Amino acid sequence: MTDIVPQLLDWYRTEQRDLPWRRTAVSPWQILVSEFMLQQTPVARVEPIWLAWIERWPTPSATAAASAADVLRAWGKLGYPRRAKRLHECATVIATEHDDVVPSDIETLLTLPGVGTYTARAVACFAYRKRVPVVDTNVRRVVARVVHGRADSPSSVRDLDDVAALLPDSADAPTFSVALMELGATVCTARTPRCGLCPLSVCAWRSRGYPEAAAPVRRVQRYAGTDRQVRGRLLDVLRGNDSPVPRAQLDMAWLNDTAQRDRALDSLLVDGLVEQTADGRFALAGEGD
DNA sequence: ATCCGGTTCC
DNA sequence: GGAACGGGAT
(Lines give C-alpha, C1' and ligand atoms only; values in the text may rest on other atoms or scores of the structure.)
Protein backbone atom coordinates (compact mmCIF):
# COMPACT_ATOMS: atom_id res chain seq x y z
CA MET A 1 0.00 0.00 0.00
CA THR A 2 2.94 2.35 0.53
CA ASP A 3 3.55 2.12 -3.21
CA ILE A 4 0.75 4.63 -3.58
CA VAL A 5 3.11 7.52 -2.92
CA PRO A 6 5.68 6.96 -5.71
CA GLN A 7 3.00 5.76 -8.12
CA LEU A 8 0.87 8.84 -7.59
CA LEU A 9 3.79 11.28 -7.61
CA ASP A 10 5.19 9.83 -10.84
CA TRP A 11 1.77 9.98 -12.45
CA TYR A 12 1.19 13.57 -11.33
CA ARG A 13 4.57 14.68 -12.66
CA THR A 14 3.56 13.82 -16.20
CA GLU A 15 -0.24 14.06 -16.21
CA GLN A 16 -1.02 17.14 -14.12
CA ARG A 17 -3.12 19.89 -15.64
CA ASP A 18 -1.35 23.21 -16.14
CA LEU A 19 -3.55 25.31 -13.87
CA PRO A 20 -2.48 28.94 -13.39
CA TRP A 21 -2.76 28.93 -9.60
CA ARG A 22 -0.36 25.98 -9.43
CA ARG A 23 2.46 27.86 -11.11
CA THR A 24 5.40 29.30 -9.20
CA ALA A 25 5.29 32.93 -8.17
CA VAL A 26 1.63 32.68 -7.22
CA SER A 27 1.21 34.27 -3.79
CA PRO A 28 -0.65 32.72 -0.84
CA TRP A 29 -3.38 35.32 -1.27
CA GLN A 30 -3.82 34.41 -4.93
CA ILE A 31 -4.01 30.73 -3.98
CA LEU A 32 -6.62 31.63 -1.37
CA VAL A 33 -8.62 33.45 -4.05
CA SER A 34 -8.51 30.35 -6.25
CA GLU A 35 -9.75 28.17 -3.39
CA PHE A 36 -12.71 30.50 -2.78
CA MET A 37 -13.62 30.37 -6.46
CA LEU A 38 -13.19 26.61 -6.68
CA GLN A 39 -15.68 25.90 -3.91
CA GLN A 40 -18.36 23.87 -5.67
CA THR A 41 -17.27 25.29 -9.02
CA PRO A 42 -15.49 23.51 -11.91
CA VAL A 43 -11.94 24.51 -12.81
CA ALA A 44 -12.80 25.53 -16.36
CA ARG A 45 -15.18 28.22 -15.19
CA VAL A 46 -12.83 29.58 -12.54
CA GLU A 47 -9.73 29.97 -14.67
CA PRO A 48 -10.56 33.12 -16.72
CA ILE A 49 -12.14 34.92 -13.78
CA TRP A 50 -9.21 34.12 -11.49
CA LEU A 51 -6.68 35.44 -14.04
CA ALA A 52 -8.49 38.75 -14.44
CA TRP A 53 -9.11 38.98 -10.70
CA ILE A 54 -5.51 38.66 -9.48
CA GLU A 55 -4.29 41.10 -12.09
CA ARG A 56 -6.81 43.66 -10.93
CA TRP A 57 -6.49 42.95 -7.19
CA PRO A 58 -3.15 41.18 -6.54
CA THR A 59 -3.13 41.58 -2.74
CA PRO A 60 -5.54 41.49 0.20
CA SER A 61 -5.28 45.27 0.69
CA ALA A 62 -5.96 45.92 -2.98
CA THR A 63 -9.06 43.73 -2.76
CA ALA A 64 -10.19 45.38 0.45
CA ALA A 65 -9.85 48.80 -1.17
CA ALA A 66 -12.34 47.85 -3.88
CA SER A 67 -16.06 48.38 -3.33
CA ALA A 68 -18.20 45.35 -2.54
CA ALA A 69 -20.22 46.16 -5.65
CA ASP A 70 -17.18 46.01 -7.91
CA VAL A 71 -16.16 42.72 -6.31
CA LEU A 72 -19.62 41.30 -7.00
CA ARG A 73 -19.40 42.47 -10.61
CA ALA A 74 -15.97 40.90 -11.10
CA TRP A 75 -17.36 37.68 -9.64
CA GLY A 76 -19.90 37.73 -12.44
CA LYS A 77 -21.86 34.52 -12.89
CA LEU A 78 -19.42 32.27 -11.09
CA GLY A 79 -22.22 31.40 -8.70
CA TYR A 80 -22.77 31.49 -4.95
CA PRO A 81 -22.15 35.26 -4.77
CA ARG A 82 -21.97 35.10 -0.99
CA ARG A 83 -18.48 33.72 -1.62
CA ALA A 84 -17.52 37.00 -3.28
CA LYS A 85 -18.78 38.96 -0.31
CA ARG A 86 -16.89 36.70 2.09
CA LEU A 87 -13.74 36.98 0.00
CA HIS A 88 -13.99 40.76 0.20
CA GLU A 89 -14.46 40.55 3.97
CA CYS A 90 -11.63 38.06 4.21
CA ALA A 91 -9.34 40.49 2.38
CA THR A 92 -10.31 43.25 4.78
CA VAL A 93 -9.52 41.14 7.84
CA ILE A 94 -6.14 40.06 6.45
CA ALA A 95 -5.25 43.62 5.43
CA THR A 96 -6.23 45.21 8.72
CA GLU A 97 -5.50 42.52 11.29
CA HIS A 98 -2.73 40.41 9.72
CA ASP A 99 -0.53 43.06 8.14
CA ASP A 100 -1.67 42.09 4.64
CA VAL A 101 -0.19 38.59 5.04
CA VAL A 102 -2.32 35.45 4.69
CA PRO A 103 -2.02 33.43 7.93
CA SER A 104 -0.20 30.11 7.58
CA ASP A 105 -1.63 28.16 10.50
CA ILE A 106 -4.93 26.35 10.17
CA GLU A 107 -6.36 27.65 13.42
CA THR A 108 -5.98 31.29 12.37
CA LEU A 109 -7.13 30.59 8.82
CA LEU A 110 -10.35 29.11 10.21
CA THR A 111 -11.22 32.44 11.80
CA LEU A 112 -11.39 34.15 8.39
CA PRO A 113 -14.77 34.73 6.70
CA GLY A 114 -15.55 32.04 4.13
CA VAL A 115 -12.66 29.81 5.18
CA GLY A 116 -13.75 26.40 6.41
CA THR A 117 -12.05 23.07 7.03
CA TYR A 118 -11.11 22.42 3.44
CA THR A 119 -9.93 25.91 2.47
CA ALA A 120 -7.86 26.39 5.65
CA ARG A 121 -6.00 23.15 5.01
CA ALA A 122 -5.63 23.83 1.30
CA VAL A 123 -3.96 27.18 1.96
CA ALA A 124 -1.67 25.78 4.66
CA CYS A 125 -0.68 22.96 2.33
CA PHE A 126 -0.55 24.50 -1.14
CA ALA A 127 0.52 28.04 -0.24
CA TYR A 128 2.82 27.27 2.68
CA ARG A 129 3.86 23.70 1.88
CA LYS A 130 2.77 22.35 5.24
CA ARG A 131 2.39 18.63 5.74
CA VAL A 132 -1.32 18.59 6.58
CA PRO A 133 -4.08 16.42 5.12
CA VAL A 134 -6.41 18.17 2.67
CA VAL A 135 -9.77 16.53 2.02
CA ASP A 136 -12.12 17.77 -0.67
CA THR A 137 -14.84 15.88 -2.48
CA ASN A 138 -12.29 14.30 -4.82
CA VAL A 139 -9.98 13.08 -2.09
CA ARG A 140 -12.89 11.71 -0.11
CA ARG A 141 -14.00 9.66 -3.09
CA VAL A 142 -10.49 8.41 -3.92
CA VAL A 143 -9.89 7.31 -0.33
CA ALA A 144 -13.28 5.63 -0.16
CA ARG A 145 -12.39 3.58 -3.22
CA VAL A 146 -8.67 2.91 -2.90
CA VAL A 147 -8.58 2.38 0.86
CA HIS A 148 -12.05 1.21 1.84
CA GLY A 149 -13.30 -0.40 -1.35
CA ARG A 150 -16.50 1.65 -1.43
CA ALA A 151 -17.87 3.64 -4.34
CA ASP A 152 -18.05 6.79 -2.23
CA SER A 153 -18.29 7.91 1.36
CA PRO A 154 -20.24 10.48 3.30
CA SER A 155 -18.29 13.40 4.65
CA SER A 156 -16.58 12.45 7.86
CA VAL A 157 -13.67 13.46 10.04
CA ARG A 158 -12.23 10.00 9.57
CA ASP A 159 -11.19 10.99 6.06
CA LEU A 160 -8.64 13.36 7.54
CA ASP A 161 -7.05 10.52 9.47
CA ASP A 162 -7.12 8.28 6.42
CA VAL A 163 -5.28 10.87 4.35
CA ALA A 164 -2.88 11.66 7.19
CA ALA A 165 -1.92 7.99 7.20
CA LEU A 166 -1.17 8.12 3.48
CA LEU A 167 0.86 11.37 3.49
CA PRO A 168 4.56 10.83 2.87
CA ASP A 169 6.80 11.96 5.70
CA SER A 170 8.74 14.28 3.45
CA ALA A 171 8.66 17.57 1.56
CA ASP A 172 6.57 15.77 -1.05
CA ALA A 173 3.48 15.78 1.16
CA PRO A 174 1.84 18.85 -0.45
CA THR A 175 2.49 17.50 -3.93
CA PHE A 176 1.03 14.18 -2.89
CA SER A 177 -2.10 15.97 -1.68
CA VAL A 178 -2.63 17.89 -4.89
CA ALA A 179 -1.94 14.68 -6.83
CA LEU A 180 -4.66 12.92 -4.85
CA MET A 181 -7.10 15.67 -5.78
CA GLU A 182 -5.96 15.56 -9.38
CA LEU A 183 -6.55 11.82 -9.57
CA GLY A 184 -10.09 12.28 -8.28
CA ALA A 185 -10.72 15.15 -10.69
CA THR A 186 -9.44 13.53 -13.86
CA VAL A 187 -9.35 9.72 -13.42
CA CYS A 188 -11.15 8.51 -10.30
CA THR A 189 -14.21 10.59 -11.18
CA ALA A 190 -17.66 10.30 -9.65
CA ARG A 191 -19.75 9.12 -12.58
CA THR A 192 -17.51 7.40 -15.08
CA PRO A 193 -14.15 6.56 -13.53
CA ARG A 194 -11.42 5.86 -16.05
CA CYS A 195 -9.85 3.00 -14.16
CA GLY A 196 -7.82 2.00 -17.22
CA LEU A 197 -5.77 5.15 -16.76
CA CYS A 198 -5.25 4.77 -13.01
CA PRO A 199 -1.58 4.67 -11.94
CA LEU A 200 -2.26 2.80 -8.70
CA SER A 201 -1.39 -0.91 -8.66
CA VAL A 202 -3.62 -1.60 -5.66
CA CYS A 203 -7.23 -0.46 -5.21
CA ALA A 204 -9.68 -2.01 -2.75
CA TRP A 205 -12.65 -0.94 -4.89
CA ARG A 206 -11.23 -2.70 -7.93
CA SER A 207 -10.36 -5.78 -5.85
CA ARG A 208 -13.98 -6.03 -4.72
CA GLY A 209 -15.33 -5.74 -8.25
CA TYR A 210 -16.43 -2.08 -8.14
CA PRO A 211 -19.43 -2.42 -5.79
CA GLU A 212 -22.15 0.22 -6.22
CA ALA A 213 -22.79 2.92 -3.66
CA ALA A 214 -24.85 1.55 -0.77
CA ALA A 215 -27.77 3.94 -0.29
CA PRO A 216 -27.81 6.96 -2.60
CA VAL A 217 -30.84 8.45 -0.79
CA ARG A 218 -29.17 11.89 -0.97
CA ARG A 219 -31.70 14.55 -1.87
CA VAL A 220 -31.11 16.08 -5.29
CA GLN A 221 -30.45 19.78 -5.22
CA ARG A 222 -32.19 21.15 -8.25
CA TYR A 223 -31.81 24.66 -9.56
CA ALA A 224 -34.43 25.54 -12.14
CA GLY A 225 -37.35 27.36 -10.57
CA THR A 226 -35.78 27.70 -7.13
CA ASP A 227 -35.15 30.77 -5.04
CA ARG A 228 -31.51 30.46 -6.03
CA GLN A 229 -32.34 31.02 -9.66
CA VAL A 230 -34.50 34.03 -8.79
CA ARG A 231 -31.71 35.51 -6.69
CA GLY A 232 -29.41 35.05 -9.66
CA ARG A 233 -31.80 36.88 -11.97
CA LEU A 234 -32.17 39.79 -9.57
CA LEU A 235 -28.43 40.12 -9.02
CA ASP A 236 -27.88 40.00 -12.76
CA VAL A 237 -30.03 43.10 -13.16
CA LEU A 238 -28.11 44.96 -10.46
CA ARG A 239 -24.71 43.93 -11.84
CA GLY A 240 -25.67 45.56 -15.10
CA ASN A 241 -26.57 48.92 -13.56
CA ASP A 242 -24.10 51.37 -12.07
CA SER A 243 -26.85 53.36 -10.40
CA PRO A 244 -29.73 52.17 -8.20
CA VAL A 245 -32.74 50.72 -10.02
CA PRO A 246 -36.43 51.09 -9.10
CA ARG A 247 -38.37 48.15 -7.72
CA ALA A 248 -40.37 47.85 -10.95
CA GLN A 249 -37.23 47.09 -12.91
CA LEU A 250 -36.29 44.28 -10.55
CA ASP A 251 -39.81 42.91 -10.71
CA MET A 252 -39.45 42.35 -14.43
CA ALA A 253 -36.66 39.85 -13.82
CA TRP A 254 -39.13 37.26 -12.44
CA LEU A 255 -42.78 37.46 -13.34
CA ASN A 256 -43.88 33.87 -12.65
CA ASP A 257 -44.20 33.97 -8.88
CA THR A 258 -44.30 37.34 -7.16
CA ALA A 259 -44.20 35.88 -3.67
CA GLN A 260 -41.06 33.96 -4.55
CA ARG A 261 -39.56 37.09 -6.08
CA ASP A 262 -40.19 39.08 -2.91
CA ARG A 263 -38.70 36.31 -0.81
CA ALA A 264 -35.59 36.17 -2.99
CA LEU A 265 -35.06 39.92 -2.86
CA ASP A 266 -35.50 39.94 0.90
CA SER A 267 -32.92 37.18 1.29
CA LEU A 268 -30.44 39.15 -0.82
CA LEU A 269 -30.95 42.13 1.49
CA VAL A 270 -30.48 39.90 4.53
CA ASP A 271 -27.31 38.45 3.04
CA GLY A 272 -25.93 41.93 2.50
CA LEU A 273 -25.56 41.44 -1.23
CA VAL A 274 -28.15 44.09 -2.07
CA GLU A 275 -28.94 47.43 -0.45
CA GLN A 276 -31.91 49.74 -0.61
CA THR A 277 -31.38 53.47 -1.04
CA ALA A 278 -33.18 56.13 0.96
CA ASP A 279 -35.57 56.75 -1.93
CA GLY A 280 -36.49 53.05 -2.12
CA ARG A 281 -34.42 51.93 -5.07
CA PHE A 282 -32.06 48.95 -5.06
CA ALA A 283 -28.36 48.48 -5.80
CA LEU A 284 -25.50 46.06 -5.22
CA ALA A 285 -24.18 46.35 -1.68
CA GLY A 286 -21.46 48.97 -1.31
CA GLU A 287 -22.24 50.58 -4.63
CA GLY A 288 -21.21 54.01 -3.46
CA ASP A 289 -17.99 52.99 -1.65
C1' DA B 1 -29.96 18.78 7.37
C1' DT B 2 -30.60 22.82 4.19
C1' DC B 3 -29.61 26.56 1.78
C1' DC B 4 -26.75 28.86 -1.51
C1' DG B 5 -25.44 29.80 -8.60
C1' DG B 6 -24.67 28.61 -12.85
C1' DT B 7 -22.94 25.63 -16.39
C1' DT B 8 -21.73 21.43 -18.56
C1' DC B 9 -21.94 16.73 -19.42
C1' DC B 10 -23.95 11.91 -19.19
C1' DG C 1 -33.70 16.01 -17.06
C1' DG C 2 -30.48 14.72 -13.58
C1' DA C 3 -25.82 14.77 -11.61
C1' DA C 4 -21.59 16.77 -10.80
C1' DC C 5 -18.58 20.53 -9.81
C1' DG C 6 -11.26 21.20 -5.68
C1' DG C 7 -17.47 23.93 0.48
C1' DG C 8 -19.18 27.13 4.01
C1' DA C 9 -22.57 28.85 7.17
C1' DT C 10 -26.76 28.28 9.68
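To find a chain, count down the sequence lines: A is the first, B the second, and so on, and within it residues start at 1. From a predicted model like this one, the values you see are computed outputs, not experimental measurements.
Proximity note for A:Ala190 (side chain, C-beta onward) versus C:dG6, B:dC4, C:dA4: the nearest is C:dA4. Among the nucleotides B:dC4, C:dG6, C:dG8, the one closest to any side-chain atom of A:Asn138 is C:dG6. Checked against B:dC10, B:dG5, C:dG6, the side chain of A:Pro81 finds its nearest nucleotide in B:dG5. The nucleotide whose nearest atom lies closest to any side-chain atom of A:Phe126 is, among C:dA9, B:dG6, C:dG6, C:dG6.
The nearest whole Å value for the distance from the CD1 atom in A:Ile106 to the P atom in C:dG8 is 12 Å. Rounded to whole Å, atom C1' of C:dC5 lies 9 Å from atom OH of A:Tyr80. Between A:Gln40 atom CD and B:dC4 atom P the separation is 14 Å, expressed in whole Å.
Residues A:Gln229 and A:Arg191 both approach DNA chain B. Their nearest nucleotides, taken by heavy-atom distance, put A:Gln229 toward the 5′ side.
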Would you list the atom pairs, donor with acceptor, under 3.5 Å between side chains in residues 203-210 of chain A and any protein atom, with sequence neighbours excluded?
from	atom 1	to	atom 2	distance (Å)
A:Trp205	NE1	A:Pro211	O	2.9
A:Arg206	NH2	A:Leu200	O	3.1
A:Arg206	NH2	A:Ser201	O	3.1
A:Ser207	OG	A:Cys203	O	3.0
A:Arg208	NH1	A:His148	O	3.2

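In this structure, A:Arg263 does not reach the B:dC3 phosphate: none of its side-chain N or O atoms is under 4.0 Å from OP1 or OP2. In this model, the phosphate group of B:dG5 is not approached by any side-chain N or O of A:Tyr223 to a distance below 4.0 Å at OP1 or OP2. Not one side-chain nitrogen or oxygen of A:Thr226 sits closer than 4.0 Å to the OP1 or OP2 atom of B:dG5.
Judged by distance alone, with hydrogens and angles left aside, A:Arg83 brings no side-chain donor or acceptor close enough to the base of C:dG8 to form a pair under 3.5 Å.
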